[in-house]
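Structure, as structure tokens:
No hydrogens, no waters, no symmetry mates; every other heavy atom, side chains included, goes into these values. Index from 1, following the sequence.
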Amino acid sequence: MKYLIAGLGNIGPEYELTRHNIGFLVLDRLADKEGLSWNHSKHAFHTELKYKGRSIHLIKPTTYMNLSGKAVNYWMNELKVSKENLLVVTDDLALPYGKIRLKAKGSAGGHNGLKNIEQLTGGQDYARLRFGVGDDYHKGQQVDYVLSPFNKQEMDELVLNMDRSIDALLSFCTIGLARTMNEFN
């Protein structure tokens with residue numbers, strides 16, 4: 001069985017530890033734990049994890065957040081991965097910091113990366129793992145907030161929260177979406 005896990009973020013050192021890059025951070029943490037190396041390929045950094053008989057392809061799009069669909073669509077077609085085996089890891093302002101929520105489908109909720117994925121893959125029917133980054137910003141400051149680094153308290157909790165996200169995405173690939181949602185939501 002083949003899976004595609006797309007962690008959303010923006011390339012460049014200025015974005016590295018920002019809330020909007022949690023998808024990159026989660027996949028980087030998984031790759032580090034498994035001793036995987038990233039290869040710069042078409043539209044994304046790519047690596048592959050063999051896990052419990054599954055072939056799990058991890059990508060970090062190099063298209064910038066708002067064009068994430070270009071990379072996701074390309075890799076789905078390149079690897080011949082069905083939408084049922086796609087999971088997108090992304091930040092979510094509507095969830096408290098560190099809370100994760102796995103969903104089978106849903107709206108983009110104002111997230112431009114998810115909007116682009118919907119446009120280029122043909123709909124909202126793909127799984128997403130939303131990582132709560134909180135909503136501690138003033139009206140009109142949403143963009144500045146998601147592009148700002150985690151604060152000290154958030155950084156202290158980040159590894160534990162990323163590890164829980166990794167457990168959820170590996171569970172998605174082994175026991176399926178419904179059982180994973182029951183366990184982690």
Quiz item: His111 vs His20 aromatic rings, parallel, tilted or perpendicular, using cut-offs 30° and 60°?
Solution: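 Ring orientation, 0 to 90° scale: tilted.
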Looking only at atom types and distance, does a side-chain atom of [X] sit under 3.5 Å from a main-chain N or O of [Y], one as donor and one as acceptor?
X	Y	result
Asn21	Leu17	no
Arg164	Phe184	yes
Asn185	Leu102	yes
His138	Gln141	no
Thr47	Ser37	yes
Asn10	Tyr15	no
Trp38	Ala31	no
Thr180	Ser171	yes
Tyr3	Cys173	yes
Asn151	Gln153	yes

Quiz prompt | Flag for Asn73-His43: side-chain donor and acceptor within less than 3.5 Å | solution =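 No donor-acceptor contact under 3.5 Å links the two side chains.
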Quiz prompt | Side-chain H-bond candidate by donor/acceptor type, Glu48 with Ser55, under 3.5 Å | solution =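 Ser55 and Glu48 do have a side-chain donor-acceptor pair below 3.5 Å.
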Quiz item: Is it the case that Lys60 places NZ or CZ above or below the six-membered ring of Phe45, under 6.0 angstrom from the centre and within 45 degrees of the axis?
Solution: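 Yes, a cation-pi geometry holds between Lys60 and Phe45.
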Quiz item: What do the steps show when you test Leu95 against Phe131 for side-chain contact (heavy atoms from CB on, under 4.5 Å), and what is the final call?
Solution: CA-CA 7 Å; Leu95 292 174; Phe131 186 107; over 6 Å; no
Practice problem: Might you confirm whether atom NZ of Lys105 has over 12 heavy atoms from other residues, nucleotides or ligands at distances under 6.0 Å? | Solution: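 No, not enclosed.
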Quiz item: In this structure, are over 12 heavy atoms from other groups packed under 6.0 Å from Arg179 atom CZ?
Solution: no
Are [X] and [Y] side-chain neighbours, meaning at least one heavy-atom pair lies under 4.5 Å?
X	Y	value
Leu8	Val88	yes
Phe150	Leu25	yes
Leu93	Tyr145	yes
Thr18	Val146	no
Leu170	Tyr51	yes
Leu30	Leu169	yes

Please check if [X] and [Y] belong to a single hydrophobic cluster, counting links between Ile, Leu, Val, Met, Phe, Trp and Tyr side chain heavy atoms closer than 4.5 Å.
X	Y	answer
Leu87	Tyr74	no
Tyr126	Met76	yes
Phe24	Val143	yes
Leu86	Ile5	no
Val159	Met155	yes

Quiz prompt | All salt bridge (Lys or Arg N to Asp or Glu O under 4.0 Å) counterparts of Asp163, not counting sequence neighbours | solution = Arg29, Lys33
Say you draw a straight line from [atom1] of [X] to [atom2] of [Y]; how long is it, rounded to the nearest 0.5 Å?
X	Y	atom1	atom2	answer
Leu129	Thr90	CG	OG1	9.5 Å
Leu114	Met65	CG	CE	8.0 Å
Asn77	Leu120	CG	CG	10.5 Å
Lys103	Gln124	NZ	CD	9.5 Å
Leu27	Ile22	CG	CD1	10.0 Å
Tyr137	Asp144	OH	CG	11.5 Å

Nearest heavy atoms of [X] and [Y], plus distance in Å:
X	Y	answer
Ser165	Ile100	OG-CG2, 3.3 Å
Leu177	Ala104	CD2-CB, 3.3 Å
Leu4	Val72	CD2-O, 4.0 Å
Gly7	Pro61	O-CD, 3.2 Å

Self-check item: Ion pair check, Asp92 and Arg101, cut-off under 4.0 Å
Solution: no
Quiz item: Would a line drawn from the ring center of Trp75 to the ring center of His57 be shorter than 6.0 Å?
Solution: no
Practice problem: Enumerate the residue pairs fulfilling salt bridge (charged side-chain N to carboxylate O under 4.0 Å, His left out) with a member in residues 14-24, sequence neighbours excluded, ordered by first and then second residue. | Solution: Arg19-Glu154
Self-check item: Option among Leu79, Asn85, Ile56 that satisfies the side-chain contact (heavy atoms from CB on, under 4.5 Å) test with Lys2
Solution: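 The single option meeting the side-chain contact (heavy atoms from CB on, under 4.5 Å) with Lys2 is Leu79.
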